[in-house]
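In what follows, chains carry the letters A, B, and so on, assigned in the order in which the sequence lines appear, proteins first and then strands, with residues in each chain numbered from 1.
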Amino acid sequence: MGKPRVIYWFRTDLRLHDSPALRAALDLDPTWDVTHLVFEKDTDAYARERDRVVIALAEKAGIQVVSRYGRTLWDSDEVVAKHGGKPTMSITQLQAAGKKVGEIPRPIPAPDYLPDPGDMPIDFEQRKPETEPDINAPLRDDVEDTYSHIAGPQGDFAIATLDELGFSAAPTTPHRGGETNALKQLEGLFSDEKYAATFQKPKTSPAAFQPQSTTLLSPMLHFGALSPRLFYWKAQDLVEKYGKGASTPPESLTGQLLFRDMYFAAYAAIGSPFVQTINNAYCRFIPWHLPSKIGETETGGNAISGEYHVDSPQAEEWFVRWKMGVTGFPFVDAMMRQLRIEGWIHHLGRHMVACFLTRGGCYVHWERGADVFEEWLIDHEPASNAGNWQWMSCTAFYSQYYRCYSPIAFGQKWDKKGEFIRKWVPELKNLDEKFIYEPWKASKAALDEAGVIIEGDGLHEGTEGTYPAPMFDFGQRRSACIAAMKRAYSIGIYGNNDKAKDGTWKRLFEEAGETEMEGFGGSSSGKGQIDQASNQDESGKGGLKHANQGIAVKEGPMDKFAKRLKK
DNA sequence: GTCGTAGTTGAGGTG
DNA sequence: GCACCTCAACTACGA
């Protein structure tokens, strides 16, 4: 047997199984004489399908595939196997299953050198991969030409730059990636032993900035700049050294990593339905507004399509105002603006805005919120995103829907003076702290003194200093939502129930006196969501891919603010 | 089947 | 400022 020739496949692109380099490795194009293909295991639904294709190609070419997990503490498939093949739906379940898998391996040191791969000609004829469909096309400013050559545009196998990918640089976020930064951040975190050893997530402030109250390491974990096991063992070794007074899971630093593994294992067990309600046996069916349009998958199942039904123009307006940070509730707006500008907000801030959009305010489908987070979060992880949205909307993982975040009281608990609001909602920066969370309660004199005019919906150009009135009475919406959740819980159907899929759920909710369904047209014909799609498309009220395409959004205070930041 | 208890992160009040 | 209680009441799990 000759010298092994190993290709390490670093998967950074959705179409990589069609890339020239991988084709060369798999002997589909001549020829690198590869003997092994090594890559990191990925349990996300899309990745499994992609890897199945690649593994089949490799086997056909007589190439040995080595695939190892690396993005979680334990191999998620092993966790699922030890949990009876079921998804881990609580942290105690994850801990119990993890214990059965065995101790979390310590990270091994980086290699000192990589063996010389030998001769790898790159002058063979290359087949350029398909570029369609290009889901990033709407976000590009320029053409994407990274496939011009097997060795990349510069001929050096370097990772493509944003410019080469056709994107302009992201000027608004202060957060920077890369392993060097990740390790520096990690070192900084553990240099404050008391902070790291006694960390309790629920006691960290969502309103803190400069610096934030949590570690900011989630994007590093997502992009692979930081090993979760390196993080885990740094934290665990410190906790053991620190002794009495150290925090414990689930609130501690290691607890945060365990939650991450819990969501990964749940996704690994449930598969593609995990990121949606339909077909998801573990996700409650709740008749939220703005439900996803459902399409047929190649395998005959139902999958969300990325588009949604506008069952209620009112809910659509609430959703757009939530997304754009102009709800009229300053703490919600501050959070959503920070998210949009910086791509990161504190975990508890995510809770608050998620509760507000779903079960604690707008009664809009959690999948809409998950779409926005997917678009804007720099640490977006499909498993964690879907899992946390299900948690916060009380459709899975969590069920205490009567515990509802107040957009006023919750922020005040952390930031009495409203410094966080003053930073992100500068229209209100001079408002007295008595009114900073509820500007609509301020007297005319107080508003005048602060230069604030309460006016408009925030989506359209207004006079300088305008800030919208709250888009609804929070107390009323809170009560209506809790009552609706109570009805949905008593009906108790899940995403895999036939009634959820064929639309006959509607009769059940009508009989229970559901009042959050006004937007569904008042028909009692039992038409399903899929049928409604065509009906609504004909009436011109079809779903929208992006919320801000629905209502003409002129330059508002948010955009002016973003521009100011760029200067 | 029944009961007790646990579950990362609510709000508002009291001591 | 913080620890604790009550409000009203969810699911899941194990004894």
Side-chain angles (χ1 to χ4, degrees), chain A residues 83-84 86-99 197-208 212-215 218 232 235 239 245-263 266 269 280-286 329 331-332 335 345-361 384 387-417 437-438 474-479 481-495:
Chain A
H83 193 52
K86 291 183 303 195
T88 46
M89 300 305 286
S90 72
I91 204 69
T92 44
Q93 287 177 4
L94 183 275
Q95 284 172 303
K99 205 172 169 185
T198 64
F199 183 91
Q200 287 177 279
K201 185 67 156 280
K203 292 188 180 167
T204 58
S205 168
Q212 286 87 200
S213 61
T214 50
T215 69
S218 50
Y232 178 87
V239 160
S247 54
T248 52
E251 297 179 336
S252 62
L253 282 179
T254 54
Q256 307 314 302
L257 292 165
L258 293 172
F259 272 111
R260 197 169 158 275
D261 262 51
M262 177 187 81
Y263 289 129
N280 186 344
Y282 290 83
C283 183
R284 281 178 185 282
F285 176 83
I286 291 171
F329 293 96
F331 195 61
V332 175
M335 284 291 171
I345 52 176
H346 185 279
H347 191 67
L348 292 181
R350 300 180 195 197
H351 276 207
M352 201 272 302
V353 299
C355 179
F356 185 86
L357 181 70
T358 58
R359 66 180 169 83
S384 302
N388 277 310
W389 273 96
Q390 287 170 44
W391 183 301
M392 278 327 297
S393 61
C394 288
T395 47
F397 297 99
Y398 191 70
S399 51
Q400 290 172 226
Y401 54 75
Y402 48 87
R403 290 193 171 176
C404 187
Y405 289 84
S406 157
I408 296 131
F410 185 68
Q412 284 172 332
K413 187 165 95 184
W414 304 100
D415 178 17
K416 266 270 177 288
K417 293 187 169 143
Y437 284 88
E438 305 168 276
F474 175 72
Q476 275 175 16
R477 287 302 304 165
R478 181 184 180 278
S479 307
C481 286
I482 289 176
M485 290 299 288
K486 191 170 179 168
R487 276 190 293 275
Y489 265 63
S490 70
I491 289 166
I493 58 175
Y494 285 77

Euclidean distance, atom NZ of residue A/K201 to atom C1' of B/dG10 [Å, nearest integer]: 18 Å
From A/T198 atom OG1 to A/K203 atom NZ, the distance as rounded to the nearest 0.5 Å: 9.5 Å
Separation of B/dT8 C1' from A/Q256 CD (nearest whole Å): 7 Å
Rounded interatomic separation in angstrom, taking CZ from A/F474 and P from B/dG10: 13 Å
Test log, rule side chain to side chain contact (heavy atoms under 4.5 Å, CB included), inputs A/Q256 and A/T214: CA-CA 11 Å; A/Q256 307 314 302; A/T214 50; over 6 Å; no
Side chain A/N388, main chain A/S384, donor-acceptor under 3.5 Å: yes
Counterpart residues, side chain to side chain donor-acceptor pair (under 3.5 Å), relative to A/R350 (two or more places apart): A/D379
d(CD, A/E251; P, B/dA6) in whole Å: 15 Å
Check: A/Q400 side chain, B/dG10 base, donor-acceptor under 3.5 Å: no
Pair pattern of DNA chain B in dot-bracket, where unpaired bases get dots and | marks partners in another strand, Watson-Crick or G-U under 3.5 angstrom: .||||||..||||||
Gap between atom OG1 of A/T254 and atom CZ of A/F259 - 0.5 Å precision: 11.0 Å
Minimum heavy-atom distance between A/M335 and A/P206, given as atom pair plus value: CE-O, 3.3 Å
Nucleotide C/dA12, atom P - distance to CE of A/M262 in whole Å: 14 Å
A/S213 and its side chain to side chain contact (heavy atoms under 4.5 Å, CB included) partner, picked from A/H346, A/H347, A/K201: A/H346
Letter per nucleotide, 5' to 3', of nucleotides 3-8 of chain C [B base touched, S only sugar-phosphate touched, - untouched; heavy atoms, 4.0 Å]: ------
Touch class at under 4.0 angstrom, heavy-atom based, for A/W414 against every strand present: nothing
Geometric class of the A/F474/A/F329 ring pair [parallel <30°, tilted 30-60°, perpendicular >60°]: perpendicular
All pairs passing salt bridge (Lys or Arg N to Asp or Glu O under 4.0 Å) where residues 389-404 of chain A contributes a residue, at least two apart: none
Atom C1', compared across C/dC13 and B/dT9: separation rounded to whole Å: 22 Å
Rounded P spacing from B/dG7 to C/dA9 in Å: 23 Å
Atom pair SG (A/C394) and OH (A/Y401), whose distance is rounded to the nearest 0.5 Å: 9.0 Å
Residue-level proximity of residues 88-97 of chain A to DNA chain B when a heavy atom falls under 4.0 Å: A/I91
Spacing of A/Y398 atom OH relative to B/dG7 atom P, expressed in whole Å: 13 Å
Whole-Å P distance, B/dA6 and C/dC5: 14 Å
A/L357 side, atom CG; A/M392 side, atom CE - distance, nearest 0.5 Å: 11.5 Å
What are the atom names and distances for every N/O pair under 3.5 Å that joins the protein to nucleotides 11-15 of chain B?
unit_1	atom_1	unit_2	atom_2	d
B/dA11	OP1	A/S406	N	2.7

Test item: side-chain donor near acceptor, A/Q93 and A/H83, under 3.5 Å: yes
d(CD, A/Q390; C1', B/dT8) in whole Å: 18 Å
Length of the line joining A/H351:NE2 and B/dT8:P, which is rounded to integer Å: 11 Å
CE-OG1 distance between A/M262 and A/T92, expressed to the nearest 0.5 angstrom: 9.5 Å
A/L258 side, atom CG; A/L94 side, atom CG - distance, nearest 0.5 Å: 6.0 Å
A/F259 side-chain proximity, nearest of B/dT9, B/dG7, B/dT8: B/dT8
